[in-house]
**Q** 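Below is a structure I'd like to ask you about.
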Number of protein chains: 2
Amino acid sequence: MTTIEIPDGSLFGVDNLPYGVFSTPGTAPRVGVRVGDSVVDLAMALGDDVFAQPTLNAFMAQGYRRWVEVRERITELVSGDVPDAAVHPVDEVRLHLPVEVGDYVDFYASEHHATNLGKLFRPGAPPLMPNWKHLPVGYHGRAGTVILSGTDIVRPCGQRKAPDQDTPTFGESQRLDIEAELGFIVGTGSELGTPVPVDEFGQRVFGVVILNDWSARDIQSWEYVPLGPFLGKSFATSISPWVVPLLALESARVDTPKQDPEPLPYLRETSPWGLDIDLEVELNGQVVSRPPYREMYWSPAQMLAHMTVNGASSRTGDLFASGTISGPERDQRGAFIEITWGGKEPLQVGGEERTFLQDGDEVVLRATAPGAGGGRIGFGEVRTRILPAKGVAK
Amino acid sequence: MTTIEIPDGSLFGVDNLPYGVFSTPGTAPRVGVRVGDSVVDLAMALGDDVFAQPTLNAFMAQGYRRWVEVRERITELVSGDVPDAAVHPVDEVRLHLPVEVGDYVDFYASEHHATNLGKLFRPGAPPLMPNWKHLPVGYHGRAGTVILSGTDIVRPCGQRKAPDQDTPTFGESQRLDIEAELGFIVGTGSELGTPVPVDEFGQRVFGVVILNDWSARDIQSWEYVPLGPFLGKSFATSISPWVVPLLALESARVDTPKQDPEPLPYLRETSPWGLDIDLEVELNGQVVSRPPYREMYWSPAQMLAHMTVNGASSRTGDLFASGTISGPERDQRGAFIEITWGGKEPLQVGGEERTFLQDGDEVVLRATAPGAGGGRIGFGEVRTRILPAKGVAK
């Protein structure tokens, strides 16, 4: 038996206990929980086959009461002795995509981000559209290209048309960008024809990941009118391997910023789900921005209520993301198009100038939140390297 | 043993052989093929467990050569005697959603439709956007709300704002509409980072269904700028139960309309996949429109090549739809917003006036194409009834 050591100041103390899917050489992917620098094999430690599966979906589908019960059992387990064979150093396991994603929806819930993008994409027009303060604007993205932290991104190709060109050309994206976001994973789905009330968020959503919504700005700006972003986004969306349970985020709950005008009744929360989560954007080893999630105008509970208010069903494994997290300051913006103002105000990174991403660049997103123990809990990271475009048909 | 009778003029002759998923009382859903007015149980008739599954996905994933081989075996089988227990009258089986849908993408490939919608949604502006003739415009829809013909639609609720109102209100959609489309089902997926060449369409796409892309125009027009349609579409997308193999559509192939300007190289087909398929829109028993698929500007091969040119992967079961099929004439338009010109030119149906759909209305979409036998082959139908909205939070 082993007693799991938790280093002082660890972001993975017993008030976090995020779930992931891992494997060791020669074994199949299965569910684990992270404690300190260890991963505990839950199928083995709890003797429950729901964890002997390659995704969290079966466990998530068991519902809220079961999530609470399992969290209590894990808390008890890791306070005592755990069978040796169920404990692996985190550096010695391979991590896998933790969920089978159903539908992926991306929102646009930061007022600072929407305002900045409006100014950049539609100069001279009012930056926020008339609908923006009445509903959380969102759109469906490509679920099949949600990938894990550590998976390299091949620079995408596509059609781009510069304002001074008459016709589009085909080639590599010249304006490859990130969007630092959080992703929310639906644990318990809802039936077709039955909207999810805004106050059911806490029972329906299982957990939270860091999400990088990769964006090719030149492809996006040519294609997106009138039906929205498509190929400019669909080549990849990266998520972190550890799913922080919503149950671990009670100490992070804060009010959302004042919503004026008051939203329609279906969007009014009894107890708001603003979240005091700090993000960090690192480019080639240098932190270039610290986006504050607490600045987000719309809460994730409002996103889920809106997404289903027309009767759309939801499924275990559905993923919805916040949209880029940007605060009011330049060094709080969650995308390079905003940080460098469309490329006009380059950053200095490691002695080099950067606007959009170059081949070989490495981007890391991190996030932490206040934990129940008085310290902080971590979400881990989303780490991605940019590879050159492949030669393809022109 | 049974010899399957095929009635004269049947749309389900041996040159069609569409696949579906069916069950009989007390049995599990499994794959069948339709011949005349019969359904042949393929797991039983061919002795192959890939057909003893509740979707076509496992069979589709086996790839093109296998599709050809199985079609040859079925052709042989139904020309001779089939075991009695493997044959069921189509009226006595229950049909199920034939595929597990991966990602769902909806295109916008009819020039007539895009022009009409441009005039209606953006009066005074050029109806076609500058990108429209350079790329097949598309967006991701909600895969989890793809439903089967015969499933009623509950009228959706949501935010709407009339042009003469200052603020949005919540309530039932007053402008519930159809979009008559075809849906293409990917059989063999493609890896992340590897675009599908335009000429691989025939080997990658398994088959075709009729698709009704339900649209709440009032919800859509308030929400869709700048990120595209979301709740105005996500409440339901209906498909027909029989998947017509692409292999049955060789006689339906025609050139696409002349594409001017010439598309970029990755969109140039060696042998175009225009399709001479006739659709029919019936409202409450009266045919109100006959949209001609041969008028579609972009081919489905161009859609697939475009959808993956940025390196996005595709999966078995991915569904992509054509967008509304509209011809140049009023009675060839595939949506009521076009047929009734935004509600200003009502139709007479069964002695009643109709603009958008009312509770209790029933819409049926049908389609046929030239078959290899010199006659026609059928796609079956998508039949849906509109139910009143449920009482929900305002």
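In the text below, chain A, chain B and the rest are named by the order of the sequence lines, each starting its count at 1. Hydrogens, waters and symmetry mates play no part in the numbers below; they use all other heavy atoms, side chains included.
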**Q** Rounded to the nearest 0.5 Å, what separates atom CH2 in W214(B) from atom CG in N310(A)?
**A** 14.5 Å
**Q** If we define contacts as heavy-atom pairs under 4.5 Å, which of S234(B), G311(B), P156(B) has the most with chain A?
**A** S234(B)
**Q** Below 4.5 Å from any heavy atom of chain B, which atoms of D106(A) appear? Answer side chain, backbone, both or neither.
**A** neither
**Q** Testing the basics here: between G138(B) and L227(A), what is the closest heavy-atom pair and its distance to 0.1 Å?
**A** O-CB, 4.5 Å
**Q** Quick one: of S173(B), P130(B), P197(B), A114(B), who has the most non-hydrogen atom pairs under 4.5 Å with chain A?
**A** P130(B)
**Q** If you compare all heavy atoms of L192(B) against all heavy atoms of F235(A), which two are closest, and at what distance to 0.1 Å?
**A** CD1-O, 3.5 Å
**Q** Tell me whether the rings of F230(B) and F107(A) are parallel (<30°), tilted (30 to 60°) or perpendicular (>60°).
**A** perpendicular
**Q** Given heavy-atom pairs under 4.5 angstrom as the criterion, report whether the side chain, backbone, both or neither of P261(A) touches chain B.
**A** neither
**Q** Where on V105(A) is there a heavy atom nearer than 4.5 Å to chain B: the side chain, the backbone, both, or neither?
**A** side chain
**Q** For the candidates H134(B), Q159(B), R142(B), which exhibits the highest count of non-hydrogen atom pairs separated by less than 4.5 Å from chain A?
**A** R142(B)
**Q** At what distance, to the nearest 0.5 angstrom, does OG1 of T145(B) lie from CZ of R315(A)?
**A** 8.5 Å
**Q** Can you say whether R155(A) sits under 4.5 Å from chain B via the side chain, the backbone, both, or neither, judging by heavy atoms?
**A** neither
**Q** Is there a donor-acceptor pair closer than 3.5 Å between any side-chain N or O of N131(A) and the backbone N or O of W222(B)?
**A** yes
**Q** At a heavy-atom separation under 4.5 Å, does T169(A) approach chain B through its side chain, its backbone, both, or neither?
**A** backbone
**Q** For P226(A) versus V137(B), what's the shortest heavy-atom pair and its separation?
**A** CD-CG1, 4.5 Å
**Q** Please classify the contact between V225(A) and chain B as side chain, backbone, both or neither, with a heavy-atom cut-off of under 4.5 Å.
**A** both
**Q** Is it the case that the side chains of E223(A) and Y139(B) hold a donor-acceptor pair, with the cut-off being a distance below 3.5 Å and no angle test?
**A** no
**Q** Heavy-atom cut-off 4.5 Å, strictly under: side chain, backbone, both or neither for Y108(A) against chain B?
**A** side chain
**Q** Is chain B contacted by the side chain of I153(A), its backbone, both, or neither, given a heavy-atom distance below 4.5 Å?
**A** neither
